[in-house]
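Structure record follows, encoded as structure tokens.
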Amino acid sequence: MKTETIAIHAGNHTDDTTGAVVQPIITSTTFERLPDESFRGEYIYSRSSNPNRTALENVLTKLENGAAAAAFSSGNAAGMAVFQSLKPGTHIIAPDDMYHGLRNQLKQLFAGILEFDFIDIDDTEILKAHLKPNTGLIWIETPSNPLLKVTDIKKIVSIAKERNIKVACDNTFATPICQQPLTLGADLVMHSTTKYFGGHSDLMGGALITAEDNEWWQIIHNVQTMGGAIPSPVDCYYMVRSIKTLPYRVRGHVHNAQLLAEFLDAHAAVEQVLYPGLPSHPNHEVAKEQMIGFGGVLSFILKGDRLNTHRVINKLKLITKATSLGGVESLIEHRATMEGPDTKTPFNLLRISVGLEHIDDLIADFEQALN
Ligand SMILES: *Cc1c(COP(=O)(O)O)cnc(C)c1O
């Protein structure tokens with residue numbers, strides 16, 4: 001089946017007992033035993049599994065072309081389950097611009113338990129120089145946040161496979177509509193489903209999707225069911241509902257982002273636009289090779305000082321100043337403020353999550369704010 005069809009049908013089934021076309025929300029935390037102590041189906045207790053979570057995991061698995069999925073209560077919970085699944089002493093290589101929430105998780109919660117290096121992962125020589133006998137995982141994030149760097153997934157996979165190292169990819173910015181890391185050879189995909197999957201800035205969630213249902217996956221699964229970082233049945237229901245429109249929404253985000261990137265790129269007040277869909281992007285060729293679409297987030301660097309950057313962002317009327325991305329409404333953010341004092345993000349960089357408003361209105365808002 002094609003993506004649009006999967007998005008609508010793989011997370012839903014007509015209810016056997018009532019005929020409801022949309023799968024109902026099952027809030028019960030526990031499931032009745034039959035006289036012989038067995039259960040009617042696969043459900044026992046909702047921390048382990050729940051029908052709405054199963055439905056969500058089914059559609060996630062199929063969208064990413066994987067073997068199994070686990071839905072979490074947030075993207076960070078999904079990332080943490082991966083780190084908790086590794087044997088103490090395992091060495092992780094991650095990008096130096098890894099999503100700051102997960103970078104801080106490693107630095108603050110896993111120091112002394114795991115080893116990690118944050119490096120320029122796109123430089124093969126640097127990457128090879130950091131490989132150690134205990135390297136167990138290469139973590140990639142592409143396109144990256146907030147610099148929109150593009151990592152060549154196949155290249156990383158080939159280096160990792162030679163040495164039996166696992167590759168996990170944070171695919172939040174791309175979504176499976178724009179990029180399918182498992183198809184490119186990655187072992188695991190991670191998502192903050194808070195972003196495009198939820199798509200309306202009103203749901204938190206995370207996901208892991210595995211290429212193979214192997215021993216590592218079973219450990220990750222145990223971390224989740226024993227740790228309990230699960231989404232509620234109601235959240236799962238709304239996530240499944242949102243995913244039905246994911247392919248169409250993402251296409252709209254990509255369309256608007258490309259046009260806005262081109263507008264900003266041509267504007268005299270703008271120093272540089274970071275968007276993989278622009279031919280001037282340093283990894284445009286790799287992006288064209290591995291991506292189906294270039295995503296809905298772009299960053300741009302303004303000319304002038306920090307004060308000017310804040311002046312521009314505060315002059316915008318339609319575009320809301322807030323963190324996060326992937327919602328139908330456009331959001332803009334001064335990323336260095338969000339990331340705090342140890343950030344390497346330029347002070348004059350603004351990140352936009354390009355929404356689904358009409359592109360003419362978005363451009364008009366930037367036109368008045370930049371002039
Ligand atoms: C938001 C985000 C996360 C963390 O997800 P939460 O749902 O906020 O916990 C991880 N990676 C990327 C790229 C993100 O944008």
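Counting starts at 1 for both ligands and their atoms, in listed order. We're numbering straight along the sequence, starting at 1.
For the pair R241 and Y238, the NZ or CZ position fails the cation-pi test of under 6.0 Å to the six-membered ring centre and within 45 degrees of the ring normal.
Between the side chains of T142 and K149, no donor-acceptor pair is found at a separation under 3.5 Å. Side-chain N/O atoms of S74 and N76 include no donor and acceptor closer than 3.5 Å.
If you chain together ILVMFWY residues whose side-chain heavy atoms come under 4.5 Å of each other, V150 ends up grouped with V286. Other members of the cluster containing V167 are I93, I119, I121, I126, L127, L131, I138, I140, I153, I156, V157, I159, I165, L184, with ILVMFWY side chains joined at under 4.5 Å, either directly or via other members.
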Tabulating one pair per line, provide the atom names and distances (0.1 Å) for every N/O atom of ligand 1 that is less than 3.5 Å from a protein N/O atom.
from: ligand 1; atom 1: 5 (O); to: S192; atom 2: OG; distance (Å): 3.0
from: ligand 1; atom 1: 7 (O); to: G75; atom 2: N; distance (Å): 2.9
from: ligand 1; atom 1: 7 (O); to: S192; atom 2: OG; distance (Å): 2.8
from: ligand 1; atom 1: 7 (O); to: T194; atom 2: OG1; distance (Å): 2.7
from: ligand 1; atom 1: 9 (O); to: G75; atom 2: N; distance (Å): 3.1
from: ligand 1; atom 1: 9 (O); to: N76; atom 2: N; distance (Å): 2.8
from: ligand 1; atom 1: 11 (N); to: D170; atom 2: OD2; distance (Å): 2.7
from: ligand 1; atom 1: 15 (O); to: K195; atom 2: NZ; distance (Å): 2.8

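Annotation: side chain to side chain contact (heavy atoms under 4.5 Å, CB included) contacts of N314 (sequence neighbours excluded): H310, K321.
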